[in-house]
Amino acid sequence: MDKTSVVEAGERVSFSKIRTAIPLPNLIAVQKASYEQFLQMDLLPEERKNVGLQAVFTSVFPLSDFRSSCELHFVHYELGVWECKCGKLSGLQHLRINCEHCGSRIKAAEPHELTTVCPHCGQATVNAIPRCSTCNSPVGLKVQFTEDDCRERGLTYAVPLKVRVRLVLFEEGPERKIRDIKEEDLYFGELPLMTATGTWAALTPTRSSTAAGLTYCRIPRARASSSGKPVSTRIGSGPPRISQT
């Protein structure tokens, strides 16, 4: 009798005759890791490396006017809203724990994991994530609409981007003494998030032959009719109308 094997759900079955020497890598994980490295969303400002979005801001700032009387400096950026369920705890600093062996401040693991490995000493430490005293939940990323909601409603699965800038005002003169310093958080828009399958749930305009995905139309100039009155042209179907003015 032929032996039959039972294949579990979700298991990949290969019908090739030549066996591969090395297993196929998870290409989606490579794409997700690359985008996470670009955003550095779950890292504190002092923990971020000068790559990706951080490198974009540091390469543009500081900005100054033509008289050099003021300068605009980049401080840090924040992606998304990190809060507990009730909103009492907020901020990524609540997702940091102290290593039991070297005392370093490290990033906590997922809430379901019991231990995490310290990147400094390599020892395992207890994953004691601070929890809210009211809702008993840790700090997590809050989104207005989930992935499924965005697909059903035709919305973009994204998080808000806020940038903190520092405005430095100088007094007039060769010494350039600092007169005033102001800091403010600016809303820069929203950045799309990658889903678990390595795709984006984004609301995009109708694509056309242009590279930017926008449709351009040529508006003709106003011309005169045989009666000498100007003809008003408009975008749309139908013949042009003769203006009565």
Side-chain angles (χ1 to χ4, degrees), residues 26 28-62 72-144 146-147 157-168 181-196 198:
N26 190 351
I28 297 179
V30 176
Q31 184 176 355
K32 290 176 59 180
S34 176
Y35 194 61
E36 290 175 359
Q37 185 181 5
F38 172 78
L39 295 180
Q40 302 186 82
M41 184 173 57
D42 57 346
L43 297 180
L44 294 172
E46 58 272 14
E47 298 174 351
R48 294 191 178 115
K49 299 179 181 179
N50 193 24
V51 295
L53 194 59
Q54 178 75 14
V56 172
F57 286 114
T58 55
S59 63
V60 174
F61 290 89
L72 189 64
H73 294 262
F74 165 73
V75 182
H76 63 80
Y77 68 89
E78 295 180 359
L79 270 174
V81 180
W82 297 85
E83 292 179 347
C84 63
K85 291 183 178 179
C86 66
K88 186 177 181 180
L89 294 180
S90 62
L92 288 171
Q93 65 273 11
H94 296 287
L95 292 178
R96 299 299 181 269
I97 59 176
N98 294 324
C99 179
E100 299 176 348
H101 305 277
C102 63
S104 301
R105 193 75 173 168
I106 61 175
K107 184 173 68 173
E110 296 295 331
H112 64 273
E113 298 181 8
L114 300 178
T115 60
T116 181
V117 179
C118 176
H120 301 281
C121 64
Q123 299 292 331
T125 184
V126 180
N127 189 31
I129 304 178
R131 293 180 175 269
C132 178
S133 58
T134 304
C135 60
N136 195 25
S137 64
V139 171
L141 179 63
K142 271 192 173 183
V143 291
Q144 186 176 4
T146 61
E147 299 179 17
Y157 182 58
V159 290
L161 171 63
K162 296 181 181 180
V163 180
R164 176 167 295 183
V165 294
R166 181 185 297 117
L167 179 63
V168 182
I181 298 177
K182 299 179 181 179
E183 285 191 4
E184 190 174 351
D185 293 336
L186 303 180
Y187 175 74
F188 264 51
E190 294 189 350
L191 283 181
L193 292 181
M194 187 176 289
T195 62

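Across every non-hydrogen atom of Ala109 and Ile129, the tightest pair is O-CD1, 3.3 Å. Closest approach of Lys88 to Cys132, counting heavy atoms only: CB-SG, 3.8 Å. Taking both residues in full, the closest heavy atoms of Lys32 and Gly198 are given as CG-CA, 4.3 Å, listed atom of the first, atom of the second, then distance. Minimum interatomic distance between Ile106 and Pro119 (heavy atoms only, all atoms of both residues): CG2-CD, 3.7 Å.
Checked against salt bridge (charged side-chain N to carboxylate O under 4.0 Å, His left out), Lys107 has the following partners two or more places apart in sequence or in another chain: Asp42. In terms of the side-chain contact (heavy atoms from CB on, under 4.5 Å) criterion, residue partners of Ala55 (sequence neighbours excluded) are, by chain and number, Asn50, Thr58. Every residue two or more places apart in sequence or in another chain that forms a side-chain hydrogen bond (donor to acceptor under 3.5 Å, both in side chains) with Asn98 is listed here: Arg105. The side-chain hydrogen bond (donor to acceptor under 3.5 Å, both in side chains) search around Ser59 returns none, not counting sequence neighbours.
Within the 4.5 Å cutoff, the side chain of Met41 has heavy atoms near those of the Leu193 side chain. Using a 4.5 Å heavy-atom threshold, the side chains of Glu184 and Leu167 count as separate. Between Phe74 and Val60 the shortest side-chain heavy-atom distance does not fall below 4.5 Å. With contacts defined as side-chain heavy-atom distances shorter than 4.5 Å, the pair Gln54/Tyr77 qualifies. Between Leu92 and Leu43, the closest side-chain pair of non-hydrogen atoms is not below 4.5 Å.
Ring-plane geometry between Phe38 and Tyr35 is classed as parallel, the angle between the planes falling under 30 degrees on a 0 to 90 degree scale with a further cut at 60.
Side-chain atoms of His101 come within 3.5 Å of backbone atoms of Ala124 as a donor-acceptor pair (strictly under, hydrogens ignored). Distance alone, capped at 3.5 Å, is enough to place a donor-acceptor pair between the Gln40 side chain and the Val51 backbone. The backbone N or O of Arg131 sits nowhere less than 3.5 Å from a side-chain atom of Asn136 that would complete a donor-acceptor pair.
Residue-environment remark: CD (Glu190) exceeds the threshold of 12 foreign heavy atoms within 6.0 Å.
Note on residues 43-54: pairs passing salt bridge (charged side-chain N to carboxylate O under 4.0 Å, His left out), not counting sequence neighbours, are Glu47-Arg96.
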For a quick test of your reading: what N or O donor-acceptor pairs under 3.5 Å do the side chains of residues 78-85 make, sequence neighbours left out?
from, atom 1, to, atom 2, distance (Å)
Trp82, NE1, Leu79, O, 3.1

